[in-house]
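Convention: sequence-line order gives letters A, B, ...; per-chain numbering from 1.
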Protein chains: 2
Amino acid sequence: MIGNRRTNDPEGVRRRIVDTAFDAFVRQGYIATGMLEIREKASVSGGAMAHHFPAKRELGLAVIRDRVSQAVQQTWIEPLDRCIDAPAAIDLIFGDIIGELAHKGSVSGCPLNNMAMDVSPHDLEMRLALGDIFAAWHEALSAKFQADLASGRASDINPGSLATLVIAIYSGAMAMAKARQDVGALVESRAELAALLAPKYHPVTSAG
Amino acid sequence: MIGNRRTNDPEGVRRRIVDTAFDAFVRQGYIATGMLEIREKASVSGGAMAHHFPAKRELGLAVIRDRVSQAVQQTWIEPLDRCIDAPAAIDLIFGDIIGELAHKGSVSGCPLNNMAMDVSPHDLEMRLALGDIFAAWHEALSAKFQADLASGRASDINPGSLATLVIAIYSGAMAMAKARQDVGALVESRAELAALLAPKYHPVTSAG
DNA sequence: TTTAAAACAGGATGATTGACCTGTTGGGAG
DNA sequence: CTCCCAACAGGTCAATCATCCTGTTTTAAA
């Protein structure tokens, strides 16, 4: 007769756990975050936690597959689909992130990159799951550059390696911003990135 | 009468600890590495460890100031001084890293970036120490671009923001390489970086 | 030679970690 | 209404963590 009421809302409890874990993993890191801390912040009992996620690994996998992937989807892939070309989308995305971080005050970094950095060396399955998200990101960017090429909007670019470069710039600039707690690196990288893409777009059609 | 012989070599013991810690911190991360693990790998007793580094923080600081900073110095700043211009140095550095990683088999990432990612959110002093290294790196790159500009070797570049871009590309490509355990991102980024710097260098001197 | 302090050895310590266990309650199938 | 299992509560567990302690040996200064 320990007898306390309980909520009995499996989907809600699970969502609360994953949401809390995602936030903590991104801000402090996967390894630095304890199960107890997640339980307390999510107001979930040990029994409920063990029921939904018997091991920390599975919670990590769930966060990667359910949250990190959709974070990349929302902040990168969907804007790419909506914008007229790749440079426009990239500039919009950088601008949104800079504005968000500037008014939020602190920089927690790119969720995908943060997770990849401290999880990759320790868990093969998580590394592969994160690799899939990188691949989807790269594919979306690459396809957009390819489309710009096909439509004549751009010329003289290699979609695949250019997509890799853009991802590297974003990830690296985010890492610098996080390390220095300053959006300056993102601002400068955005400007440089726009400048290096510009000459490849709207090629001068034999001006006289 | 516990009585065992001991080495009594303060500088050597300290160096072994810091070397071992640097290797472990870069490969598995600062938080994921335990003091016991470092002690065992360095063959150092608990007493010696406590004498040289009473707290883990101080070992982290020592690794950052004594090893991470010199790693950046050796792999980036010195080659910059030796090469004729920035693009030559950058291409050389990327090539060296790619070759080294390719023949080593595994990618552990950029020491500075690795340390910054999992330490920055938790310790202000370490974050500032890492920020100083980033600043020195940026300053060296920026100065080289500035010199190239002054010597007429390059034109139409912004040394400061271009240096930030190069650091972001390197850090980001390293992170991708680590996450996917593949040097492809470094290879592609090197090519793209060379291609974007080329038109700014050796400007066509009124060919006809 | 005496002596104080640095350099070490070999544990011990409490706190925290991830995992798990027993018991209880809810909801849905029959 | 009955029965069964998912859903949950609350506490326990061994392992590991960073830290610190007592004692011994070396070094160097006086």
Side-chain angles (χ1 to χ4, degrees), chain A residues 1-22 24-25 27-64 115 118-119 121-123 125-126, chain B residues 1-22 24-25 27-64 115 118-119 121-123 125-126:
Chain A
M1 198 185 296
I2 309 178
N4 271 0
R5 280 295 163 273
R6 78 175 125 155
T7 46
N8 209 297
D9 175 26
E11 292 168 11
V13 168
R14 188 194 145 94
R15 184 171 45 75
R16 257 160 49 214
I17 294 174
V18 177
D19 281 341
T20 306
F22 173 69
F25 289 169
R27 294 218 318 243
Q28 346 170 346
Y30 172 81
I31 299 175
T33 304
M35 292 294 252
L36 180 65
E37 180 185 352
I38 296 174
R39 288 205 315 230
E40 288 174 346
K41 283 188 181 172
S43 300
V44 162
S45 71
M49 180 66 103
H51 175 73
H52 288 281
F53 301 101
K56 193 182 182 183
R57 287 191 68 251
E58 308 185 27
L59 178 54
L61 256 345
V63 166
I64 292 170
M115 285 292 286
D118 67 338
V119 146
H122 302 101
D123 193 292
E125 198 173 357
M126 292 196 204
Chain B
M1 203 182 296
I2 310 177
N4 271 1
R5 281 293 163 275
R6 80 175 116 139
T7 45
N8 209 294
D9 174 27
E11 292 168 12
V13 168
R14 187 195 145 96
R15 184 173 44 78
R16 258 159 50 214
I17 293 174
V18 177
D19 281 342
T20 306
F22 173 69
F25 289 170
R27 292 218 323 243
Q28 344 171 345
Y30 171 80
I31 300 175
T33 303
M35 292 295 252
L36 181 64
E37 180 184 352
I38 296 174
R39 287 205 316 229
E40 287 173 347
K41 284 188 180 171
S43 300
V44 162
S45 70
M49 179 67 103
H51 175 73
H52 289 281
F53 301 101
K56 192 181 182 184
R57 287 191 68 250
E58 307 185 27
L59 178 53
L61 256 347
V63 166
I64 292 171
M115 284 292 286
D118 68 338
V119 145
H122 302 103
D123 194 291
E125 198 172 357
M126 292 197 203

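B:Glu11 has its CD atom 13 Å from the P atom of D:dT27, to the nearest Å. What separates CG of B:Asp9 from C1' of D:dT27 is a distance of 13 Å, to the nearest Å. One atom, CZ of A:Arg39, and another, P of D:dC8, lie 15 Å apart when rounded to the nearest Å. One interatomic measurement links the two molecules: CG of A:Asp123 to C1' of C:dG18, which rounds to 15 Å at whole-angstrom precision. As rounded to whole Å, 14 Å separates atom C1' of C:dG18 from atom CD of A:Glu40.
B:Val13 and B:Ala48 get closest at one heavy-atom pair: CG1-CB, 4.4 Å.
A heavy atom lying under 4.0 Å from DNA chain D marks the following residues of residues 28-38 of chain B, by number: B:Thr33, B:Gly34, B:Met35. Residues of residues 47-61 of chain A having a heavy atom closer than 4.0 Å to DNA chain C, listed by number: A:Ala50, A:Ala55, A:Lys56.
Considering only residues two or more places apart in sequence or on other chains, B:Arg14 meets the salt bridge (charged side-chain N to carboxylate O under 4.0 Å, His left out) condition with B:Asp66. Every residue meeting the side-chain contact (heavy atoms from CB on, under 4.5 Å) condition with B:His122, not counting sequence neighbours, appears here in chain and number order: A:Gln28, A:Ala32, B:Ile31.
Within the structure, salt bridge (Lys or Arg N to Asp or Glu O under 4.0 Å) pairs that include any residue of residues 38-47 of chain A comprise A:Glu37-A:Lys41 (at least two apart or interchain).
Here the CD1 atom belonging to B:Ile17 is positioned 11.0 Å from the OG atom belonging to B:Ser43, to the nearest 0.5 angstrom.
A:Val44 comes within contact range of no nucleotide atom at all, as no heavy-atom separation falls under 4.0 Å.
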Name each donor-acceptor pair under 3.5 Å that joins a side chain in residues 52-64 of chain B to protein atoms two or more places apart or in another chain, with its distance.
{"from": "B:Lys56", "atom 1": "NZ", "to": "B:Tyr30", "atom 2": "O", "distance (Å)": "2.9"}
{"from": "B:Lys56", "atom 1": "NZ", "to": "B:Thr33", "atom 2": "O", "distance (Å)": "2.8"}
{"from": "B:Arg57", "atom 1": "NE", "to": "B:Asp123", "atom 2": "OD2", "distance (Å)": "2.5"}
{"from": "B:Arg57", "atom 1": "NH2", "to": "B:Asp123", "atom 2": "OD1", "distance (Å)": "3.2"}
{"from": "B:Arg57", "atom 1": "NH2", "to": "B:Asp123", "atom 2": "OD2", "distance (Å)": "3.2"}
{"from": "B:Arg57", "atom 1": "NH2", "to": "B:Glu125", "atom 2": "OE1", "distance (Å)": "2.9"}

